Amino acid sequence: MAAGIVASRRLRDLLTRRLTGSNYPGLSISLRLTGSSAQEEASGVALGEAPDHSYESLRVTSAQKHVLHVQLNRPNKRNAMNKVFWREMVECFNKISRDADCRAVVISGAGKMFTAGIDLMDMASDILQPKGDDVARISWYLRDIITRYQETFNVIERCPKPVIAAVHGGCIGGGVDLVTACDIRYCAQDAFFQVKASWNMSMLQTQDLVKSVQATTENKELKTVTFSKL
């Protein structure tokens with residue numbers, strides 16, 4: 001916990017120095033941490049919750065006037081991206097895009113890391129039990145799901161306000177897609193990025209998806225699993 005506070009403080013200080021550098025003499029921004037550890041550090045001084053932003057998987061606060069802080073807020077799950085996250089992120093950034101008072105956005109993660117990526121346990125029902133009676137309908141259903149999930153990052157890319165990703169700890173899987181949709185990326189010294197390329201074309205069939213997830217949960221090597229031959 002202490003190491004996380006130190007890393008977050010250093011990242012905050014770096015962002016503050018860059019945003020208030022000599023090139024912007026009239027700009028003054030103070031980014032404060034959120035979460036229980038940050039509240040303790042601030043001696044009980046809490047950030048103001050942003051109006052019209054009430055979410056289950058996100059916390060949106062006013063870091064300072066004209067600056068919104070969007071925090072992935074599932075620290076007990078390493079900020080894994082569940083079904084609620086994919087929907088709420090779209091709603092959040094659609095509101096931010098229309099917010100005339102917002103001029104910049106900072107995205108960070110609560111707890112020990114930025115994000116662990118997709119929450120496979122929460123999303124397994126959509127991916128492993130797709131609706132449809134035949135291959136064509138199942139494929140169309142999966143395409144619709146993927147398109148809706150992609151919109152979560154598209155709204156960040158289309159946001160007319162500059163979006164800054166503040167990364168600490170792990171940024172895994174879908175987290176890499178998220179930060180690439182941002183305009184600027186700042187990283188703490190403990191930040192690391194990971195995309196596991198463990199999926200291949202033979203996993204396109206539903207039964208193969210089930211086998212691959214089961215192997216992952218049982219810590220088995222995918223090369224030991226027999227997949228369908230296309």
Side-chain angles (χ1 to χ4, degrees), residues 55-58 70-97 105 107 109-110 113-159 163 165 167 170-183 185 192-230:
Y55 307 109
E56 180 182 331
S57 65
L58 305 172
V70 178
Q71 189 175 47
L72 311 186
N73 196 29
R74 299 184 72 212
N76 294 334
K77 296 292 185 179
R78 299 294 189 268
N79 299 319
M81 301 172 176
N82 61 354
K83 295 177 184 177
V84 176
F85 163 84
W86 299 99
R87 183 186 71 251
E88 290 185 339
M89 204 67 163
V90 174
E91 179 184 350
C92 175
F93 270 85
N94 280 334
K95 288 182 179 180
I96 289 175
S97 295
V105 187
I107 300 179
M113 64 189 303
F114 185 73
T115 178
I118 294 176
D119 189 338
L120 290 176
M121 299 302 294
D122 182 73
M123 297 172 59
S125 59
D126 282 346
I127 299 175
L128 304 183
Q129 298 176 348
K131 300 177 183 178
D133 299 326
D134 53 55
V135 174
R137 288 172 175 80
I138 290 174
S139 299
W140 185 263
Y141 174 78
L142 290 175
R143 179 184 181 277
D144 179 65
I145 290 177
I146 294 171
T147 300
R148 284 189 281 114
Y149 288 163
Q150 287 177 333
E151 181 63 15
T152 300
F153 302 139
N154 290 341
V155 292
I156 299 175
E157 183 181 10
R158 293 196 303 263
C159 183
V163 182
V167 183
C171 180
I172 300 171
V176 176
D177 294 288
L178 192 158
V179 299
T180 55
C182 298
D183 300 293
R185 289 155 289 277
F192 66 92
F193 301 84
Q194 180 176 318
V195 178
K196 287 189 175 181
S198 58
W199 299 81
N200 55 51
M201 291 299 293
S202 69
M203 296 181 188
L204 291 176
Q205 299 190 39
T206 304
Q207 55 266 43
D208 288 341
L209 286 169
V210 175
K211 291 178 182 179
S212 63
V213 172
Q214 288 176 341
T216 302
T217 56
E218 295 172 3
N219 294 323
K220 293 182 179 179
E221 294 285 343
L222 290 179
K223 61 184 180 182
T224 64
V225 180
T226 303
F227 293 108
S228 303
K229 295 182 178 180
L230 297 180

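Just so you know, these numbers come straight off a predicted model, no measurement behind them.
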Exercise for review: Apply side-chain contact (heavy atoms from CB on, under 4.5 Å) to R137 and list each qualifying residue two or more places apart in sequence or on a separate chain.
Suggested key: D134
Review point. For the residue pair I156 and A181, what are the closest heavy atoms and their distance?
Key: CG2-O, 3.7 Å
Check your understanding: In Å and rounded to the nearest 0.5 Å, what is the SG to CG distance from C159 to N154?
Key -> 12.5 Å
**Study point:** Closest non-hydrogen atom pair, N73 against A110
**Key:** OD1-CB, 3.8 Å
Check your understanding: T147 and E151: side chain to side chain contact (heavy atoms under 4.5 Å, CB included), yes or no, with the steps?
Key -> CA-CA 6 Å; T147 300; E151 181 63 15; over 6 Å; no
Review point. Is there side-chain contact between I172 and F114, with heavy atoms separated by less than 4.5 Å?
Key: no
Point to revise | L72/L58 under side chain to side chain contact (heavy atoms under 4.5 Å, CB included): CA gap, chis, key distance, verdict | key: CA-CA 5 Å; L72 311 186; L58 305 172; 3.8 Å; yes
Practice item. Inspect the surroundings of CD in E56 and state if more than 12 heavy atoms from other residues, nucleotides or ligands are less than 6.0 Å away. Key: no
Exercise for review: List the steps and the verdict of side chain to side chain contact (heavy atoms under 4.5 Å, CB included) for F193 and V167.
Suggested key: CA-CA 10 Å; F193 301 84; V167 183; 4.2 Å; yes
Study note, to complete from the structure: Paired with M81, the side-chain contact (heavy atoms from CB on, under 4.5 Å) test is passed by just one of D177, D122, T152, L178, namely L178
Point to revise | Side chain R74, main chain S57, donor-acceptor under 3.5 Å | key: no
Point to revise | For the student: nearest non-hydrogen atoms of V105 and F93, plus distance | key: CG1-CZ, 4.0 Å
Review point. How close do V179 and C171 get, heavy atom to heavy atom, and via which atoms?
Key: CG1-SG, 4.0 Å
Exercise for review: Find the distance between CD (Q71) and OH (Y55) and round it off to the nearest 0.5 Å.
Suggested key: 14.5 Å
Review point. Judged by atom type as modelled, is there a donor-acceptor pair below 3.5 Å linking the side chain of D144 to the main-chain atoms of W140?
Key: no
Exercise for review: Quick one: closest heavy-atom pair of M89 and V155, and the distance?
Suggested key: O-CG2, 4.1 Å
Review point. Minimum heavy-atom separation for I96 to V70, with atom names?
Key: CD1-CG2, 3.8 Å
**Study point:** Enclosure of K95 NZ (heavy-atom neighbours >12, cutoff 6.0 Å)
**Key:** yes
Check your understanding: Do F153 and W86 pass the side chain to side chain contact (heavy atoms under 4.5 Å, CB included) test, and can you show the C-alpha distance, the side-chain angles, and the key distance before you say yes or no?
Key -> CA-CA 9 Å; F153 302 139; W86 299 99; 3.7 Å; yes
